[in-house]
Amino acid sequence: MLNKKLISKILGTLLLLEAVFMFLCVATAIFYQSVDTLPFILSFAITLAAGFCFLRIGNDATTTMNRRDAFIVVTLTWITFSIFGSLPYLFGGFFGSFELFDFSGQLAITTNAFFETMSGFTTTGASMLDDVESQLESHHAMLAWRSLSQWIGGLGIVFFTIAIIPSMVGNSMKVFSAEATGPIRSKMHPRLSATAMRIWWVYIVLTVACGLCYSVAGMDGFSAINYAMTTTATGGFSIHNDSLAHFNNASIEYIAIIFQFLSGINFSMLFMIVTMRKLNSWKEFKRSERSKWREFLRNEETRFFITFVVMCSLMIMLILITSNGYGLERAFRKATFQVVSFMTTTGIICDNVGAWPRVTWMVLCVLMFVGACSGSTTGGFKSSRALMILKVIRNEFVRMMHPRAVLPVKLNGKTMPSAIVHTLLAFFAIYIIFCLGTTALMMAAGIDVTNSVIISLSCISNVGLPLNELGPDLTWSSLPLWIKWVCTLLMLLGRLEIFNVLILFTPPFWDEN
């Protein structure tokens with residue numbers, strides 16, 4: 001039996017938290033005296049009321065939760081958050097005003113608002129706004145809400161709740177497993193809420209540091225806050241049409257490279273690096289720090305991520321120098337920026353990538369597919385999975401020569417159970433199937449092959465590339481209505497890693513036995 005009351009209680013708690021974030025945007029609107037004060041007040045009131053209603057329904061809920069409840073909670077949470085998160089866009093006329101009896105217009109506006117919200121929470125960064133700068137004068141709160149939605153979704157909505165109100169999520173480890181990314185979970189503290197809180201502190205410190213660096217480099221306060229949230233969330237939403245290229249500032253680009261790269265590393269590893277135990281002597285402190293860095297650099301996924309970034313950056317840098325006539329520093333900066341941006345699935349473009357040689361597009365698409373480390377704010381297939389796939393392929397070649405050899409797949413010196421390897425191969429297969437299937441749907445809608453592949457891969461990897469950078473005749477807002485809904489579903493599937501959503505549509509999931 002589903003624990004419907006507990007599910008309702010959790011959804012109610014999450015909606016109250018979403019209302020708190022909306023209230024921050026109300027304060028932003030009042031501070032800047034922007035026109036979106038009333039839309040956010042209405043959205044705040046409705047979300048708050050809905051939260052209390054859900055809490056009322058789940059008032060006497062037990063805290064017993066099975067895995068089925070956990071999968072339903074996570075999927076419903078992301079959908080519910082996106083539904084209520086789209087209210088400010090609808091009330092504020094961000095994508096147009098509702099006309100009476102114009103049902104097709106109302107559907108288009110609702111689609112755009114839900115797409116923008118889902119793109120925000122899943123940190124995809126694909127936007128329905130072709131001219132975002134036109135909103136800077138009058139919609140400060142709306143732009144802040146776009147950035148804030150990405151920051152909230154960076155580490156996971158439910159993971160945030162586990163950190164803040166652990167008692168509201170019964171059996172939080174099951175919920176965490178349903179939302180966490182990657183094939184294996186990092187070692188967690190016996191109290192998951194303690195680990196969640198520590199990881200959120202790392203996330204907050206990264207965001208604050210990024211914002212301060214942007215401010216020192218020349219950004220105004222509002223821009224620094226927005227770009228800091230979307231950079232550390234590896235989301236890519238921007239408050240300027242040309243994103244960070246708007247500032248034409250090399251220092252800002254280097255800052256973005258550093259913080260995107262740090263956000264692509266497993267946050268548990270980052271936490272291990274920055275924390276210090278109480279030590280008795282300086283000698284013991286130095287020994288402890290050396291052991292931490294040794295463990296960090298010995299982590300195979302981290303080394304794979306760093307190696308891939310360095311190799312691809314050097315490759316594209318050389319291509320830009322020889323083919324496009326870039327100087328050494330500019331080629332290094334632009335190549336490294338785009339490699340880190342694509343591999344961390346941030347999707348920010350700081351140069352005319354459309355004019356780059358086509359071979360660089362292929363490299364960037366591979367980076368977009370692979371993604372950064374598990375347990376980070378990034379999307380994509382994940383570096384740990386890519387590394388394990390390569391090890392499986394290597395083992396098959398060895399097995400062809402030595403049929404009786406026992407060749408386990410190892411990661412960080414530990415043998416991976418066969419169940420994890422089977423799940424990995426199944427996930428790889430379904431990932432490819434969805435990419436190919438949605439590419440075919442895009443082509444059926446009249447989109448060219450190149451853009452069909454880019455859109456499908458961009459959505460399922462949660463990258464959200466600005467399509468007009470690669471082709472002047474196509475933007476996200478120009479996509480057919482039903483394709484926008486397909487893209488929205490792909491974003492959710494990509495963020496929750498496909499199986500965690502698809503399992504809800506399998507008959508065994510609903511079997512009481």
Side-chain angles (χ1 to χ4, degrees), residues 123 154-156 159 176-177 179-189 195 198-199 202-203 206 232-234 257-275 291-313 336 339-346 363 366-395 407-428 431 461-463 494-495 497-499:
T123 70
L155 285 180
F159 193 61
F176 167 75
S177 297
E179 186 183 56
T181 59
I184 51 176
R185 315 304 180 205
S186 301
K187 186 177 180 181
M188 289 290 166
H189 191 278
T195 300
R198 290 168 183 173
I199 290 175
V202 173
Y203 190 40
L206 271 181
T232 51
T234 60
I257 290 170
I258 292 169
F259 282 96
Q260 286 176 97
F261 179 82
L262 290 175
S263 298
I265 295 172
N266 188 312
F267 272 50
S268 295
M269 297 295 293
L270 287 180
F271 177 73
M272 178 196 72
I273 291 295
V274 300
T275 53
S291 66
K292 286 180 182 179
W293 281 105
R294 201 176 296 119
E295 184 178 347
F296 175 76
L297 294 174
R298 283 178 178 173
N299 183 275
E300 289 189 63
E301 184 183 34
T302 305
R303 283 161 50 194
F304 178 86
F305 172 53
I306 295 172
T307 303
F308 218 50
V309 166
V310 171
M311 288 177 57
C312 293
S313 297
T336 306
V339 165
V340 173
S341 175
F342 273 65
M343 194 163 185
T344 59
T345 67
T346 309
V363 174
V366 171
L367 291 167
M368 183 166 60
F369 172 83
V370 172
C373 300
S374 304
S376 65
T377 59
T378 62
F381 188 68
K382 296 293 183 299
S383 290
S384 56
R385 287 196 180 99
L387 182 58
M388 288 168 67
I389 287 285
L390 291 176
K391 290 189 175 190
V392 169
I393 294 171
R394 180 201 61 191
N395 285 354
L407 302 168
V409 177
K410 292 186 176 182
L411 195 63
N412 297 320
K414 297 178 181 178
T415 300
M416 293 292 102
S418 58
I420 288 182
V421 178
H422 292 158
T423 302
L424 165 71
L425 296 175
F427 183 79
F428 179 70
Y431 205 94
S461 298
N462 300 129
V463 182
R495 179 59 184 82
E497 307 219 313
I498 304 178
F499 281 128

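Any value given below was found using the heavy atoms of this structure, including those in side chains, with hydrogens, waters and symmetry copies removed.
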Which pair of non-hydrogen atoms, one from [X] and one from [Y], has the smallest distance, and what is that distance?
X      : Y      : value
Phe381 : Tyr431 : N-OH, 3.7 Å
Phe308 : Val366 : CZ-CG1, 4.3 Å
Arg298 : Asn412 : O-OD1, 3.9 Å
Thr377 : Phe267 : CG2-CZ, 3.9 Å
Thr415 : Pro408 : CG2-CB, 3.5 Å

Check whether [X] reaches the backbone of [Y] with its side chain - one donor and one acceptor, N or O, closer than 3.5 Å.
X      : Y      : result
Ser383 : Ala372 : yes
Gln260 : Thr346 : no
Asn266 : Cys373 : no

Would you give the length of the straight line joining atom [atom1] of [X] to atom [atom2] of [Y], rounded to the nearest 0.5 angstrom?
X      : Y      : atom1 : atom2 : result
Arg385 : Leu390 : CZ    : CG    : 14.0 Å
Met343 : Ser313 : CE    : OG    : 10.0 Å
Ile306 : Ile265 : CD1   : CD1   : 6.0 Å
His422 : Met416 : NE2   : CE    : 14.0 Å
Leu425 : Ile389 : CG    : CD1   : 5.0 Å
Ile258 : Leu206 : CD1   : CG    : 11.5 Å

- Message: Applying the side chain to side chain contact (heavy atoms under 4.5 Å, CB included) criterion to Phe304, which one of Leu387, Asn299, Val309 satisfies it?
- Response: Leu387
- Task: Starting from the C-alpha separation in whole Å, work towards a yes-or-no answer on side chain to side chain contact (heavy atoms under 4.5 Å, CB included) for Leu411 and Met388.
- Result: CA-CA 7 Å; Leu411 195 63; Met388 288 168 67; 4.2 Å; yes
- Measure the acute angle between the ring planes of Phe427 and Phe499, then classify it against the limits of 30° and 60° as parallel, tilted or perpendicular. tilted
- Message: Check the orientation of Phe261 and Phe305. Use parallel for under 30°, tilted for 30 to 60°, and perpendicular for over 60°.
- Response: parallel
- Item | Passing option when Glu300 is tested against Lys391, Lys410, Lys414 for salt bridge (charged side-chain N to carboxylate O under 4.0 Å, His left out) | Lys391
- Say whether Thr234 and Ser263, considering side chains only, have a donor N or O and an acceptor N or O under 3.5 Å apart. no
